[in-house]
There are 2 protein chains.
Amino acid sequence: MSGEKNGQRILVVDDEVNISDLIATSLRFVGFEVRTAATGSQALAIAEDFKPHAIVLDVMLPDQDGFEVCRQIRNEGIDVGVLFLTAKDGMEDKVAGLTIGGDDYMTKPFSLEELVARIRALLRRIGVVEIEHDDEKIRFADLELNEATHEVHRAGHLLDLSPTEFTLTRYLLINSDRVVSKSQILDHVWEYDFRGDAGIVETYISYLRKKIDIFDPPLIHTVRGVGYRLKVPSEQ
Amino acid sequence: MSGEKNGQRILVVDDEVNISDLIATSLRFVGFEVRTAATGSQALAIAEDFKPHAIVLDVMLPDQDGFEVCRQIRNEGIDVGVLFLTAKDGMEDKVAGLTIGGDDYMTKPFSLEELVARIRALLRRIGVVEIEHDDEKIRFADLELNEATHEVHRAGHLLDLSPTEFTLTRYLLINSDRVVSKSQILDHVWEYDFRGDAGIVETYISYLRKKIDIFDPPLIHTVRGVGYRLKVPSEQ
DNA sequence: TCTATTTCTCAGCCTTCTCTCAGTTTTTTA
DNA sequence: TAAAAAACTGAGAGAAGGCTGAGAAATAGA
């Protein structure tokens with residue numbers, strides 16, 4: 001289960017405390033050991049003895065830019081994968097160009113579900129095997145989601161899902177058989193600055209049903225007043 | 001049995017003393033060690049040496065908001081799960097992000113039974129194993145309630161229960177073999193501001209009997225003039 | 001720039017649930 | 001044995017929760 005230290009260390013670097021807290025909390029919950037830093041120099045100091053396996057690094061820091069921080073940390077001989085965070089301005093191209101090796105980047109705002117998935121993929125790529133998550137496929141009954149190819153199959157058929165539908169499917173799959181509330185879904189699957197109400201989850205569940213549950217048996221079940229749950233009806 | 005100190009410490013923070021008292025009493029009764037605070041700064045002061053495992057925290061406090069209190073407590077290095085309480089008014093905006101990292105939230109008014117269940121689920125999720133309640137299933141005879149899936153089975157058959165029926169069943173199960181009065185049931189299963197009379201409990205017991213006790217032997221027994229009791233008849 | 005896709009909101013509809021009430025049955029007491 | 005008290009249950013009004021189609025707004029792609 002979650003909560004145990006499994007040895008994967010992540011350093012989160014962002015000057016907005018709200019953001020770094022949010023990220024840190026999420027990553028801790030899924031079992032990582034996490035430290036946070038608000039500036040480049042602070043990040044450097046912490047990295048030195050924390051020796052993180054991966055860094056979540058905002059490219060825009062008060063003292064220096066993220067690439068510089070990244071370079072310095074690697075110069076220390078610390079072998080680390082980096083997930084860059086960038087605002088959605090024009091900088092994306094530049095970031096993409098500078099993202100080399102096993103590194104990756106995401107634009108703010110993002111969903112926590114997506115962040116965790118990227119971190120896991122990153123660790124896999126750089127060869128740090130995470131316990132229990134070394135498989136790139138998540139399965140439930142005849143529904144299968146492939147992390148590497150971003151494909152989802154039901155009963156052997158390839159489904160055509162939009163990005164949000166994909167993320168929602170993954171979240172349901174990860175929590176298969178347990179009830180998840182609409183607010184949980186909203187908090188994990190939607191971008192963290194989303195200000196709408198949980199009604200949108202109903203809409204997307206409706207979309208998903210038309211793609212996933214046109215096959216028998218239906219897997220997405222409503223638990224009135226509580227949330228949704230992936231289950232195989234035959235279980236009784 | 002309930003009543004013993006099992007080591008789980010809960011801090012309840014709400015400026016309405018009626019509410020925090022109500023919650024504290026309920027939590028103490030089921031075996032938690034409880035402290036209360038009416039303001040954010042008071043909460044912080046108490047948390048420092050009380051080191052709670054979980055906090056029940058109103059988001060609307062006189063001095064500062066609940067999120068700030070939460071952040072400060074965690075900055076003290078206290079690893080704590082939070083159950084946020086929110087009013088059901090226009091505040092729904094601020095409710096975003098509350099279910100991150102094992103945390104949860106409930107809207108006022110709520111039922112005490114629901115609150116206790118959420119606290120237990122929270123402690124389980126963040127890895128604080130509660131004695132005697134480390135399982136997500138509650139059982140009595142061939143009646144079984146699953147907290148994670150929200151399913152109830154009798155003699156292997158899945159029962160279809162409404163939310164209130166589910167909560168009532170849980171309350172009876174937790175108090176199995178003991179007589180619980182109609183007013184006790186009303187106080188625990190219905191929202192704390194419910195202004196109807198205890199007659200509704202009879203109605204719901206009737207509903208439950210038609211779902212649970214169509215199987216033999218009947219488990220729900222009336223103790224005339226006192227209340228109801230879950231028992232296996234052969235026991236006498 | 002235009003087009004296609006995706007996201008999001010909203011309103012109408014339908015289903016289920018909650019709660020009250022009143023008539024009935026059961027048990028107790030006088 | 002009759003009257004009173006307590007509990008049971010069916011019916012129904014109104015509320016709440018959830019589903020979905022339509023369309024506006026935002027975004028990405030050609």
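Every chain is numbered from 1 and lettered A, B, ... according to where its sequence line falls, protein lines coming before strand lines. Both backbone and side-chain heavy atoms feed into the values below; hydrogens, waters and symmetry mates do not.
Tested against B:E147 for a side-chain hydrogen bond (donor to acceptor under 3.5 Å, both in side chains), the candidates B:R170, B:K137, B:R124 yield a single pass: B:R170.
Per the geometry, CD1 belonging to B:I220 stands 15 Å off P belonging to D:dA7, to the nearest Å. Rounded to whole Å, atom C1' of D:dG18 lies 16 Å from atom CG of A:L208. If you measure from atom NZ of A:K211 to atom P of D:dT20, you get 14 Å, rounded to the nearest angstrom.
Here the side chain of B:T167 pairs a donor or acceptor atom with the backbone of B:P163 at under 3.5 angstrom. Put simply, the side chain of B:D103 gets close to the backbone of B:V82: a donor and an acceptor are under 3.5 Å apart.
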Please list, pair by pair, any protein nitrogen or oxygen found under 3.5 Å from a nitrogen or oxygen in nucleotides 1-6 of chain D.
from  : atom 1 : to     : atom 2 : distance (Å)
D:dA6 : N3     : B:R224 : NH2    : 3.1

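In this view, A:D213 and A:R154 satisfy the salt bridge (Lys or Arg N to Asp or Glu O under 4.0 Å) rule, not counting sequence neighbours. Residues satisfying the salt bridge (Lys or Arg N to Asp or Glu O under 4.0 Å) criterion with B:D197, sequence neighbours excluded, are absent altogether.
Across all strands, B:Y228 comes closer than 4.0 Å only to sugar-phosphate atoms, never to a base (heavy-atom distances).
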* **From CA spacing to verdict: ring-ring contact (aromatic ring centres under 6.0 Å, His included), B:F215, B:H157** => CA-CA 10 Å; B:F215 301 93; B:H157 299 265; 5.0 Å; yes

* To do: Decide yes or no on ring-ring contact (aromatic ring centres under 6.0 Å, His included) for B:Y228 and B:H221, but give the supporting numbers first.
  => CA-CA 6 Å; B:Y228 299 97; B:H221 299 267; over 10 Å; no

* To do: Kindly determine whether B:R71 and A:T25 satisfy side chain to side chain donor-acceptor pair (under 3.5 Å), including the steps that lead there.
  => CA-CA 11 Å; B:R71 173 171 310 117; A:T25 306; over 6 Å; no

* Start with the C-alpha distance between A:S183 and B:Y105, add both sets of side-chain angles, then the distance that settles side chain to side chain donor-acceptor pair (under 3.5 Å), and finish with yes or no. => CA-CA 9 Å; A:S183 343; B:Y105 80 94; 2.9 Å; yes

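Annotation for A:M60: atom CE does not count as buried by contact number, only 12 or fewer foreign heavy atoms lying within 6.0 Å.
Note: A:F110 and A:Y192 have perpendicular aromatic rings, judged against thresholds of 30 and 60 degrees for the angle between ring planes. Taking the six-membered ring where tryptophan is involved, the planes of A:Y207 and A:Y204 are perpendicular, since the angle between them exceeds 60° and thus also 30°.
By the 4.0 Å N-to-carboxylate-O rule, B:K108 lies close enough to B:D58 to be salt-bridged with it.
Across the helix from C:dT1-D:dA30 to C:dA30-D:dT1, the helix axis at one end is tilted relative to the axis at the other end by 20° (nearest 10 degrees, each axis from five pairs).
Bounding nucleotides for the chain A contact on DNA chain C, 5' to 3', at a heavy-atom distance below 4.0 Å, are C:dT6 to C:dC17.
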* Structure fact -> In B/S/- notation (B base, S sugar-phosphate only, - none; protein heavy atoms under 4.0 Å), nucleotides 21-30 of chain D written 5' to 3' is S---------

